[in-house]
Trainee: 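Mind looking over this structure? Questions follow.
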Number of protein chains: 2
Amino acid sequence: MRVALLGFGSVGQGVARMLGEKDLPLTLTAVADSKGGVINPGGIPIPELFSRKTKTGSCGDPGVSAMDIVESDAYDALVEVTPTNIATGEPALTHLRTALGLGRHVVTSNKGPIALAHRELMDLAAAHGVALRYEATVCGAIPILHTLEHGLLGNEVRALVGVMNGTCNYILTRMEDEGLTYDQALGEAQEMGYAEKDPTYDVKGLDTALKLVILANTVWGTEAGLADVQVTGIDLITPEAIRLAMDEDVAIRLIGEAVPSKGLLRVSPRILPRSHPLLVEGTLNAVTVVTDMAGELTFIGKGAGSVETASAVLGDLLYIRERYAGRP
Amino acid sequence: MRVALLGFGSVGQGVARMLGEKDLPLTLTAVADSKGGVINPGGIPIPELFSRKTKTGSCGDPGVSAMDIVESDAYDALVEVTPTNIATGEPALTHLRTALGLGRHVVTSNKGPIALAHRELMDLAAAHGVALRYEATVCGAIPILHTLEHGLLGNEVRALVGVMNGTCNYILTRMEDEGLTYDQALGEAQEMGYAEKDPTYDVKGLDTALKLVILANTVWGTEAGLADVQVTGIDLITPEAIRLAMDEDVAIRLIGEAVPSKGLLRVSPRILPRSHPLLVEGTLNAVTVVTDMAGELTFIGKGAGSVETASAVLGDLLYIRERYAGRP
C-alpha cells in the first residue's frame, strides 16, 4: 500500500522512522511538512528526509505543497499528522475531505477535523468505499478505538472514564511526589518536553475534552462538540489540596467522563482511591470502559510520544490494508 | 448466523441468557449439555432451556447428543463451552475437529483443545475457509486476543506478563487485607464460589500456565505445551511472607510471564511494587503486553463470570459474522 505523509513533526518523524526500520508492506511515496514536499512513486529513501529536514528545515522542496500531494495519484492512503487546530480543523480538514473524496483511505492523529466533523467525514468515507481511522487521536499508544470496535462487539458501552492527558498527569504526579507547586511542576514538565511553552490546551482540559468528544461520537454515534463538554483544568490546584488528598490516602487526577444516560460530558479534577485502576503515574494514560456484559475494563499505556503515536498510525494503516484486501 | 451451543454450565447459560435478552443477529438453533440436546432450526425459545434444565437436570432430550448436533446441518457457528480437560482436550477436541472439518466456524472458551492442538486446529480452520476464535479462553472479559490481533498490528510483541487467575488473586488479596492463612482464604474463596472444591487446577498455577501457552502460541506462532512452562503455585505462601511484603510496601501476586527472547514461560508468585499496574485486587485479571513501538500496555478486567465470559464468546461470534459477511 502506497502511503502519503502530511506533517513531519514528532508524529510524522516517528511514522517515517518506523517505516524505514520495520519491514512492513507499506511504501512511503510522498511526504510534506508546512514548508515543502516530495513525491516519489518508487518509494522515498527515508534517511534522505531526515537529512534534508536537518539541512534545510523542511523534508521537501518548496515547490511541492501538501495539497499537491493530496490531489496527486501517488498514494492509496493518506496519513495526516499536521498540528491540531481546534477552532477550524484546518488545513487538515481540507486534506481529509479531498483525499476521501478522491477515494483514498485516511489515517490521522489530528484531533481537529475528527472532533469538528466526524459524522460528515465518516459519511464521505463510506460513500467512497474507503476507511477513515483515527486511533492516534485518543490516548496515544492505547488501541482503545480498535478495542471498542472489535473486542467488545455485542456489548453496550455505558460510560467512558479516563486519564487522557499525560501532561496534566505528570504535573499532578510531581506535585504529589515532590510537594511542588503547580507552577514549579509545570516548569519542570516544560523542561522535560512534556508540556508546551503555552500549556493552555493541556492544563485547561481542552485536550482531554477533545478526546472525550471523539470517543463519545465514535461509540454512541452522537455529534457532540467541544461546547458540550463541562471543562475544568488543573491550573488552580494547590499543593494544600494535593497534601490533603494524600493525608486521606486518595489522589487527584484530571478525569474525562462520558455517561450518555446522564447526558454527561465532563472534564474535571477528581479524587481517586489509591487502589483505583485509573490512578496512573507520570505521563501514562488510562481509560475505563463500562459495559453491560464485560463489566469494567481498564486500559493503561503511554499517552504520547513519537514512536508510541506512530504505533497507532501504523496499526490503522495495516488494519486498512488487511481489511480492504479482504484477508480474513 | 445460526449458532449451536455445546455446554450449559456457567458460560453456556450466560451465552444463552444474553442471546435471549439482547437483540443480536444470532439465532440459537441447537444446544446440548452432557445429558441431552435439542435442535430447532427455527430458533430455540431460550426460557424453555432454563426451565427444562431446572426440571430435568438437562437442557435437552437424552436422545440428542452433542455429536448429533456437531454433525448436523443446523448451525453455521459452533460455540464449545464444555468443561476443560487438560490431559486430552476431549470431548471438546473432537467437537472442534468435526465442526471445522465440516466448514463451520468455531468459538470456544475451552482451554484444553486450544492449548493442546492450536496449530492443527488453526490449519484445519484455514483449510476450510472458516474461523476458529477463542477470546474466552484467556482472561475472561478482557479482549486481549482481539487487541493483539488488531490493535497492535505492526508491533513486535516482546513479552506478555499478567495476573491471569482470579481465584489465586482473590486468595492473595484476602491474605493481605485480613491476615488470613492460605487455608482460611481458600475456604472463603470456595464459599464465595470463586474456587472449586478441588482447587488444584487454579492454586497450583495450571490454569495460568494454560492461558500463557495459549497466548504465547497465538502471538509468536510457537507450539508450546504445558510441559514447557515452569510452574509454581500459591499454596505454600505463608501469612508471614505476605506480612513481610506489606512491610516493604510491595505485594505478592501469581504472575504468568512469556518472554520469547529468553525462552521463558513461567508461572510463579512474584513481588510487585504498590503502584505497579498489574497489582489488581480480588478476582480481577491484568495483562501487560510489552511491545517495540507502543511500549507497555496493561489491560485490566474481570477474569471470570458467566456473563463476562459470554461477552468474549458473543464478541467472537459477532466478529466472525461481520468479517465473513465481508462488511468493512
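Every chain is numbered from 1, with letters handed out A, B, ... down the list of sequences.
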Trainee: Please answer whether the main-chain N or O of A:G154 pairs with a side-chain N or O of B:K22 as donor and acceptor at a distance below 3.5 Å.
Mentor: yes
Trainee: Give, for atom CD1 of B:I142 and atom OG1 of A:T147, the distance between the pair rounded to the nearest 0.5 Å.
Mentor: 11.0 Å
Trainee: Could you tell me if the side chain of B:L152 sits less than 4.5 Å from the side chain of A:P143, heavy atoms only?
Mentor: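 Touching, per the 4.5 Å side-chain cut-off.
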Trainee: Report yes if some heavy atom in the side chain of B:I300 is under 4.5 Å from a heavy atom in the side chain of A:I300; otherwise report no.
Mentor: yes
Trainee: side-chain contact (heavy atoms from CB on, under 4.5 Å) with B:M293: which of A:E21, A:E308, A:M18?
Mentor: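 Result for side-chain contact (heavy atoms from CB on, under 4.5 Å) with B:M293: A:M18.
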Trainee: Please find out if less than 6.0 Å separates the ring center of B:H150 from that of A:H146.
Mentor: no
Trainee: Should the heavy atoms of other residues, nucleotides or ligands under 6.0 Å from CD of B:E156 be counted, would the total exceed 12?
Mentor: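 Counting other residues, nucleotides and ligands, CD of B:E156 exceeds 12 neighbours.
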Trainee: In terms of heavy-atom proximity below 4.5 Å to chain B, should A:L24 be classed as side chain, backbone, both, or neither?
Mentor: side chain
Trainee: Does B:R323 form a side chain to side chain contact (heavy atoms under 4.5 Å, CB included) with A:R323? I'd like the steps, not just the answer.
Mentor: CA-CA 9 Å; B:R323 194 66 184 251; A:R323 194 65 183 252; 3.5 Å; yes
Trainee: Determine the sole option in B:N155, B:L297, B:D292 for which the side-chain contact (heavy atoms from CB on, under 4.5 Å) test with A:S311 is passed.
Mentor: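 Going through B:N155, B:L297, B:D292 one by one, the side-chain contact (heavy atoms from CB on, under 4.5 Å) with A:S311 is satisfied by B:N155 alone.
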Trainee: Could you check whether A:R274 pairs with B:E281 (Lys NZ or Arg NE/NH1/NH2 to Asp/Glu carboxylate O, under 4.0 Å)?
Mentor: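 Looking at A:R274 and B:E281, the cut-off is not met.
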